[in-house]
2 protein chains.
Amino acid sequence: MTMQATDIRTTQTASSYAPMFMAASGGDHGIDIEAIREHVQVRRCKHVAGQSIYHAGQPFHAIYLVHAGSYKICELADDGREQVSGFRMRGDLMGVESIGLKAYASDVIALEGSEAWELPYPAVLRACLHVPELHAHLTSALAAEIRCDRSWMLMFGTLAAERRVAAFLLDVAARYARMGYSAKHFILRMSRIDMASFLALKHETVSRALSHLHDMSYIDVQRREVRVLDVNGLRSMAGMSAALN
Amino acid sequence: MTMQATDIRTTQTASSYAPMFMAASGGDHGIDIEAIREHVQVRRCKHVAGQSIYHAGQPFHAIYLVHAGSYKICELADDGREQVSGFRMRGDLMGVESIGLKAYASDVIALEGSEAWELPYPAVLRACLHVPELHAHLTSALAAEIRCDRSWMLMFGTLAAERRVAAFLLDVAARYARMGYSAKHFILRMSRIDMASFLALKHETVSRALSHLHDMSYIDVQRREVRVLDVNGLRSMAGMSAALN
DNA sequence: GAACCGCCGTTACAAACCGTTACAAATCGT
DNA sequence: ACGATTTGTAACGGTTTGTAACGGCGGTTC
């Protein structure tokens, strides 16, 4: 059960921020947040686990930049089916897929104590007029999001269950590495159920796959804590797909 | 598309959802081609079946607008795996996912006698300066492409093989309908193998699913010729309500 | 703190689904 | 007409799922 983001607290904007923000997975583009903040009133929104930033169908008014924690993107069907289409971490943009619509197309739900910066879209457009590079950045971010989804389509369509799990771990590891953390030892921030939804598997299958990767000494896994023991083993299992980075 | 009483979505926004998994299509971009042609030198490119417009890795220089026929978009892994990530028909844009890159990220291959209009990207950017709406169109097109891929993920992640085939048929039918052709009787332009790749199935499974849909009198299918006999049957199988028309 | 509860994660076993393999028929290209 | 390609059908086997049971963990209540 998800909660409505009714108790978002608006705080003063932070003074400093890391210069580089990588987009989810496809991301070789960096959003220049300082340039944005000169023209856009940024609101910092904190969320607890299970709280949603926005739901599909709510009026589209802003895009969001993840500042801390993790969020999951959920696609919904009218008959109740649900699909996690991705996870977002620090530096990732959220909501860009709804640009051009009146309402958001997906749900975004916080996985834990997280914070996202709200960038009202009209203001972003105005900022694009003053900072020409910003528009290129935004377009590149959209294109990168497409490539990200395409990479997962390639993975879903061509890899068996265990290989998908291996590819997922490598992707998570790569993202932690880009953020300056260890790629060999990390904590998964999502439940097995969310992982399973994202990988188009059942959560029991994910558990079995992780256990098997453990048995083969590719990883050391204990609940959400993962230690990568054999990167090349994982890579060969994931089809050497560097496209996911 | 029915909504439950508790559904927060409004009727207006519901119509902006892709009614079916639209990954097969690029959506309705509504590109104003006449506005473009005032500023961009458009080259008309004809292709025979199997011919590629561009391959992954080739320098990115232009985007393409499908004028006639069909194209398939292929994602490639370095170990040879291949995934059809979508089909494009008249009015669809191709190549936008590579904006911001030096090289194209996918292959695009013609399915039959087809024609695409080449729009050199630098010229498109210049045209955006003269025609402000064009930039919004381009951004919307990119966002729409993301939503198409997300619909695919929802479909693939939540529907069993036969249901995916049913959803695919409905999507194709809807596309033909939008182009002014019959939604009840059409010719599939792609092979079973391409269909299977797109649906993350094997071509035998696609054949079996089509035969079964035939046995249930939902469709009449003979090789690539399809007649829809029971739209509501198909819709219920694809996880959609029968209300939509 | 202790007992309780709900959720998450793991494992075992059985069942269902889909992929694999094989082969034949239909269609297409030359 | 001929061979190559595409498509359809079937039997079999493997992968994934369904079901159930169990333990761990965190939060709540008393």
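The basis for the numbers below is simple: all heavy atoms, side chains too, and nothing from hydrogens, waters or symmetry mates.
Between the CD atom of E225(A) and the P atom of dC25(D) there is a distance of 12 Å, rounded to whole Å. Following rounding to the nearest Å, R192(A) (CZ) and dT17(D) (P) show an atom-to-atom distance of 16 Å. When rounded to the nearest whole Å, the span between CD1 of I187(B) and C1' of dT6(D) equals 16 Å. Remark: P of dT16(D) and CG of L199(A) are 12 Å apart, rounded to the nearest angstrom. Between D194(B) atom CG and dT5(D) atom P there is a gap of 15 Å when expressed in whole angstrom units. Between the C1' atom of dT9(D) and the NE2 atom of H212(B) lies a distance of 15 Å, rounded to the nearest Å. In this structure, the CG atom of L210(B) is 11 Å from the C1' atom of dG8(D), given to the nearest Å. Atoms CD (Q222(A)) and P (dG9(C)) sit 13 Å apart, rounded to a whole Å.
Considering only side-chain N and O atoms, R224(A) lies nowhere under 4.0 angstrom from the phosphate OP1 or OP2 of dC8(C). In terms of phosphate contacts, S211(B) brings a side-chain nitrogen or oxygen within less than 4.0 Å of OP1 or OP2 of dT9(D).
Annotation: Y71(A) is in aromatic contact with H47(A) [ring centroid separation under 6.0 Å].
Taken from CG in D220(B) to CG in L210(B), the straight-line distance is 11.5 Å, to the nearest 0.5 Å.
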Should Y181(A) and F186(A) be marked as a ring-ring contact (aromatic ring centres under 6.0 Å, His included) after you check the CA-CA gap, both sets of side-chain angles, and the distance that decides it?
-> CA-CA 8 Å; Y181(A) 298 118; F186(A) 49 84; over 10 Å; no

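Of the residues K46(A), R90(A), R88(A), R43(A), the one that meets the salt bridge (charged side-chain N to carboxylate O under 4.0 Å, His left out) test with E115(A) is K46(A).
Nucleic acid contact class of S207(A) (heavy atoms, under 4.0 Å, all strands): base.
Checked by atom type and distance alone, the side chain of R192(A) pairs as donor or acceptor with a backbone atom of R223(A) at under 3.5 Å. In this structure, the side chain of W152(B) does not engage the main chain of G86(B) through any donor-acceptor pair within 3.5 Å. Between the side chain of Q83(A) and the backbone N or O of S197(A), at least one donor-acceptor pair lies under 3.5 Å. The backbone N or O of V221(A) lies less than 3.5 Å from a partner atom in the side chain of H214(A), making a donor-acceptor pair.
Rounded to 10 degrees, the angle separating the terminal helix axes of the helix from dG1(C)-dC30(D) to dT30(C)-dA1(D), each built from five base pairs, is 50°.
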Scan nucleotides 17-30 of chain C nucleotide by nucleotide, 5' to 3', and note B when protein non-hydrogen atoms come under 4.0 Å of the base, S if they reach only the sugar-phosphate, - if neither.
-> -SBBB-----S---

